[in-house]
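These notes concern the structure reproduced below.
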Amino acid sequence: MKKVFLDYDQKALDEQYEQRTWVPHADEIIKRFGVASDAVRTRIGEPRTERYGPAPIETLDIYGEGRKAFVFVHGGAWKRQSKRENAFAAETVVLAGAAYVALDFALLPSVTLPEMATQVCRGIDWVRGQLSSEIVLCGHSSGSHLAACALTRTDSVKQALLVSGIYDLLPVRLSARNEYVRLDENLEHEYSPIRHADRICCPVTVAWAEHEAAEFARQSREFSSALKLAGKLTEAMVGKGLNHFEMIETLADPDSPLGRAALNMLQ
């Protein structure tokens, strides 16, 4: 078979960027995100919802309050999920004395990737202007990509925690995912954070799971190296024994490495 990227033929590359190939029960884990988020709201109450931009989807949920704000950008392959089922770590953040902010933004294919990235930046800038100038930014999977893009475009963030993300869009452009991501070479370059690491102004921790697809692990390792070269890497960490979806669940556990990393940023 003809190789289309590194040592991958088309089928193998497509599989690398389809999480359900590696985690067949992914939907069960994602369902846990929602159940845990509902349980958090039962314990600490419903969030305050604010509008940060002109589109109806441009809203954010604020749990708790404090000097610092922990802004979470959800994953979902740029086309799934919402802020509502991504509040599972809110209680941990609120108990640490900070506000937990879950962003909503439009999803592909209803908007373009640049529009998504612009909305995320707008949400972050709203938080800085209206809630806190001490922002810790966290993203997971495609949300980690959007968060990393934001880091190359705004100086509103003090520290960042990027989990299981994509930082170079070339293999995405060459994969089946591009049927809906709709990248050309120019968009690939501009929205590949690894190519603009020198624009990032804050310290960044990069985390990924031991049982990621090989491409996701490679992306995290190489982005960590780029950040280190730029003098912006705080830590690179691997979640032992975890898969792509289980990794972000541990954000809610203050005793997990990921939870501790987040709480250290909120001190």
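Side-chain atoms are counted along with the backbone in the values below, which use heavy atoms only and exclude waters and symmetry mates. None of these values were measured; they are calculated from a predicted model.
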Between the CD atom in Q130 and the CG atom in L60, the distance rounded to the nearest 0.5 Å is 10.0 Å
Write down the atom of S224, the atom of L233, and the distance for their closest heavy-atom approach. O-CD2, 3.5 Å
Residues that S220 engages under side-chain hydrogen bond (donor to acceptor under 3.5 Å, both in side chains), provided they are two or more places apart: none
Between the CD atom in E215 and the OG atom in S175, the distance rounded to the nearest 0.5 Å is 9.5 Å
When you look at K11 and E15, which way does the salt bridge (Lys or Arg N to Asp or Glu O under 4.0 Å) test go after all the steps? CA-CA 6 Å; K11 180 176 182 295; E15 289 175 346; 2.6 Å; yes
Distance, nearest 0.5 Å, that separates CG of L227 from CD1 of I200: 5.0 Å
Polar side-chain atom of S156 near backbone of I124 as donor-acceptor pair, under 3.5 Å: no
If you define the side chain from C-beta out and look only at heavy atoms, does anything of R260 sit under 4.5 Å from P257? yes
By salt bridge (Lys or Arg N to Asp or Glu O under 4.0 Å), K83 pairs with (sequence neighbours left out) D61
Under 3.5 Å, is there a donor-acceptor pair between the side chain of N178 and the main chain of L174? no
Please round to the nearest 0.5 Å and tell me the distance separating atom OG of S82 and atom CZ of F105. 9.5 Å
State, with a plain yes or no, whether a side-chain heavy atom of F72 is found less than 4.5 Å away from one of I248. yes
Check whether any side-chain heavy atom of T59 sits under 4.5 Å from a side-chain heavy atom of R51, and report yes or no. yes
Taking only residues two or more places apart in sequence, or in another chain, which ones meet H25 in a ring pair (Phe, Tyr, Trp, His ring centres under 6.0 Å)? none
What's the shortest heavy-atom distance between A261 and M237, and which atoms? CB-CE, 3.7 Å
Please step through side-chain contact (heavy atoms from CB on, under 4.5 Å) for the pair I57 and Q119, ending with a clear verdict. CA-CA 9 Å; I57 193 67; Q119 288 181 356; 4.0 Å; yes
For the pair R182 and E115, evaluate salt bridge (Lys or Arg N to Asp or Glu O under 4.0 Å) and give the outcome as yes or no after the intermediate values. CA-CA 12 Å; R182 297 171 292 179; E115 288 173 310; over 6 Å; no
Using the rule side chain to side chain contact (heavy atoms under 4.5 Å, CB included), only one of V172, L170, V181 pairs with E188; which is it? L170
With H244 via ring pair (Phe, Tyr, Trp, His ring centres under 6.0 Å) - residues at least two apart: H140, F216
Residues 88-111 vs side chain to side chain donor-acceptor pair (under 3.5 Å), sequence neighbours excluded, gives R43-E91
Apply ring pair (Phe, Tyr, Trp, His ring centres under 6.0 Å) to Y8 and list each qualifying residue two or more places apart in sequence or on a separate chain. none
Test I135 against K158 for side-chain contact (heavy atoms from CB on, under 4.5 Å), laying out the working first. CA-CA 6 Å; I135 296 174; K158 297 298 185 183; 5.5 Å; no
Do L187 and T112 pass the side-chain contact (heavy atoms from CB on, under 4.5 Å) test, and can you show the C-alpha distance, the side-chain angles, and the key distance before you say yes or no? CA-CA 10 Å; L187 288 177; T112 64; over 6 Å; no
CZ (F245) and CH2 (W22) are apart, to the nearest 0.5 Å, by 13.0 Å
Contacts of R122 that satisfy side-chain hydrogen bond (donor to acceptor under 3.5 Å, both in side chains) - sequence neighbours left out: E58
Would you find a donor on one side and an acceptor on the other, under 3.5 Å apart, between the side chain of S132 and the backbone of R67? yes
Yes or no on side-chain contact (heavy atoms from CB on, under 4.5 Å) for L131 and R48, after CA distance, side-chain angles and deciding distance? CA-CA 12 Å; L131 190 64; R48 171 166 60 100; 3.8 Å; yes
Less than 6.0 angstrom from the centroid, inside 45 degrees of the normal: does R218 satisfy that with respect to the ring of Y17? no
Is E65 atom CD crowded by more than 12 heavy atoms from other residues, nucleotides or ligands, each under 6.0 Å away? no
Do M116 and V120 make a side-chain contact, defined as non-hydrogen atoms from C-beta onward lying under 4.5 Å apart? no
May I ask you to test the R128-D155 pair for a side-chain heavy-atom distance under 4.5 Å? yes
Among residues at least two apart in sequence or on other chains, which ones pass salt bridge (Lys or Arg N to Asp or Glu O under 4.0 Å) with R41? D38
Are L151 and V163 joined in one hydrophobic group, where the rule is that I, L, V, M, F, W and Y side chains link up if heavy atoms are under 4.5 Å apart? no
Same cluster or not: V94 versus L258, using hydrophobic residues (I, L, V, M, F, W, Y) connected whenever any side-chain heavy atoms lie under 4.5 Å apart? yes
Are the side chain of R195 and the backbone N or O of D168 linked by a donor-acceptor pair below 3.5 Å? no
Give the cluster check for V73 versus L161: same hydrophobic cluster or not, with ILVMFWY residues linked at side-chain heavy-atom distances below 4.5 Å. no
For T152, check side-chain hydrogen bond (donor to acceptor under 3.5 Å, both in side chains) against everything at least two apart and list the hits. none
Are L251 and V35 connected in a single hydrophobic cluster, I mean Ile/Leu/Val/Met/Phe/Trp/Tyr linked by side-chain heavy atoms less than 4.5 Å apart? no
Please identify each residue that fulfils side-chain hydrogen bond (donor to acceptor under 3.5 Å, both in side chains) with Y167, with sequence neighbours left out. S144
Single-linkage hydrophobic cluster W126~L103, side-chain heavy atoms < 4.5 angstrom: yes
Distance col, row T154:OG1 vs D125:CG, nearest 0.5 angstrom, shows 4.0 Å
Where the side chain of E210 meets the backbone of G241, is there a donor-acceptor pair that is under 3.5 Å apart? yes
Return each pair, listed once, that meets side chain to side chain donor-acceptor pair (under 3.5 Å) where at least one residue sits in residues 71-81; pairs must be two or more places apart or across chains. W78-H145, Q81-N86
Side chains of P171 and Q219: closer than 4.5 Å at any heavy-atom pair? yes
Can you list the residues that meet the salt bridge (Lys or Arg N to Asp or Glu O under 4.0 Å) rule with E46, with sequence neighbours excluded? R84
Do E212 and S164 get their side chains close enough for a donor-acceptor pair, meaning under 3.5 Å? yes
